[in-house]
**Q** 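A single structure is presented below for examination.
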Amino acid sequence: DAGVTQSPTHLIKTRGQQVTLRCSPKSGHDTVSWYQQALGQGPQFIFQYYEEEERQRGNFPDRFSGHQFPNYSSELNVNALLLGDSALYLCASSLDGYLNTEAFFGQGTRLTVV
Amino acid sequence: AQRVTQPEKLLSVFKGAPVELKCNYSYSGSPELFWYVQYSRQRLQLLLRHISRESIKGFTADLNKGETSFHLKKPFAQEEDSAMYYCALRGSGNTGKLIFGQGTTLQVKP
């Protein structure tokens, strides 16, 4: 099991562009959460997907959207990129239905907006 | 407001010295508390959680509801403990978001 995999690992975009980041959860996991980690900060929750629906959302603008596919993989889309969107984007997967479930993290996608 | 505070950005100790990484939280309810660790060039991984009451790699953490703290401790630091440590909380009954602190870099010197 490769665990949680994210692609791409690095990305450079220009202000105003749109970006799509991808995440494949750990085998057997059905829930995917996305986090943004700015330099020197802890991860901040963006949203969580379960059964192809956004179940919970953090304090992020509508420019941030996502999708979950029937195979539980997920995409994070960011529109109208701002310089401040430059960060490490982390995907975490878990198994729903268990309150004590552990979240497993991917290695992240480093997004640089220039 | 739900918040996790790690007051130290950097903690530097010598090998064999005791370590205490501080974590305070703000949450109106019964949270679940976690410590996550990120070693150099590795992904974020769970170190321990308060409900397990276990010791992992010699680390322990006790939830103190009176002081709203969840400090991470180890009696004798090892060089391989050098890493970034994040304290996080999750609301009880909430299968979703983790709220992380800003992290503390632990540097264990030989």
Side-chain angles (χ1 to χ4, degrees), chain A residues 1-6 9-10 23-26 29-51 53-60 64 66 68 87-110, chain B residues 1-10 21-27 29-54 56 63 70 72 83-105:
Chain A
D1 180 17
V4 180
T5 58
Q6 293 185 241
T9 53
H10 295 84
C23 172
S24 290
K26 182 177 167 63
H29 283 185
D30 57 8
T31 303
V32 172
S33 301
W34 286 92
Y35 291 82
Q36 181 195 66
Q37 186 174 19
L39 204 60
Q41 304 293 318
Q44 271 199 296
F45 178 79
I46 302 175
F47 41 53
Q48 183 184 76
Y49 276 83
Y50 171 68
E51 290 191 340
E53 299 277 336
E54 182 184 290
R55 178 161 68 175
Q56 195 173 13
R57 189 177 183 93
N59 190 24
F60 279 81
F64 289 77
Q68 186 178 34
L88 180 68
Y89 288 85
L90 297 171
C91 169
S93 74
S94 55
L95 184 59
D96 187 67
Y98 296 87
L99 292 180
N100 300 334
T101 185
E102 176 182 346
F104 287 80
F105 283 82
Q107 81 284 5
T109 293
R110 173 73 62 189
Chain B
Q2 301 172 12
R3 186 168 54 245
V4 175
T5 304
Q6 293 179 251
E8 303 139 328
K9 272 188 137 8
L10 172 67
L21 299 168
K22 291 184 166 49
C23 172
N24 289 91
Y25 67 90
S26 172
Y27 184 79
S30 297
E32 293 179 70
L33 274 297
F34 306 83
W35 276 99
Y36 279 81
V37 61
Q38 188 167 29
Y39 300 103
S40 179
R41 297 190 184 85
Q42 293 187 28
R43 61 189 64 194
L44 200 58
Q45 58 186 286
L46 180 65
L47 179 62
L48 55 78
R49 66 186 89 176
H50 87 272
I51 56 170
S52 301
R53 294 186 158 273
E54 56 192 348
I56 303 291
L63 178 61
F70 188 57
L72 183 67
M84 182 68 123
Y85 291 80
Y86 293 96
C87 181
L89 79 78
R90 182 168 67 197
S92 67
N94 180 350
T95 58
K97 81 184 202 185
L98 288 165
I99 299 168
F100 286 87
Q102 291 193 316
T104 298
T105 301

**Q** Among residues at least two apart in sequence or on other chains, which ones pass salt bridge (Lys or Arg N to Asp or Glu O under 4.0 Å) with A:Glu54?
**A** A:Arg57
**Q** Give, as side chain, backbone, both or neither, the part of A:Ala103 having an atom under 4.5 angstrom from any heavy atom of chain B.
**A** both
**Q** Would you say A:Phe105 and B:Tyr36 make side-chain contact, with heavy atoms under 4.5 Å?
**A** yes
**Q** Is a side-chain N or O of A:Gln56 found less than 3.5 angstrom from the main chain of B:Lys97, in a donor-acceptor match?
**A** yes
**Q** Check whether any side-chain heavy atom of B:Gln42 lies under 4.5 Å from a side-chain heavy atom of A:Gln107, and answer yes or no.
**A** no
**Q** Looking only at heavy atoms, what is the nearest atom pair of B:Arg43 and A:Val4, with distance?
**A** NH1-O, 2.7 Å
**Q** Looking at CZ of B:Phe100 and CD of A:Gln41, how far apart are the two atoms once the value is rounded to the nearest 0.5 Å?
**A** 13.5 Å
**Q** Quick check on A:Leu39: does its CG atom have over 12 non-hydrogen neighbours (other residues, nucleotides or ligands) under 6.0 Å away?
**A** no
**Q** Which residues satisfy the side-chain contact (heavy atoms from CB on, under 4.5 Å) test with A:Gln37, sequence neighbours excluded?
**A** A:Pro43, A:Leu88, A:Leu90, B:Tyr86
**Q** How about A:Tyr35 and B:Leu98: do any of their side-chain heavy atoms sit closer than 4.5 Å?
**A** yes
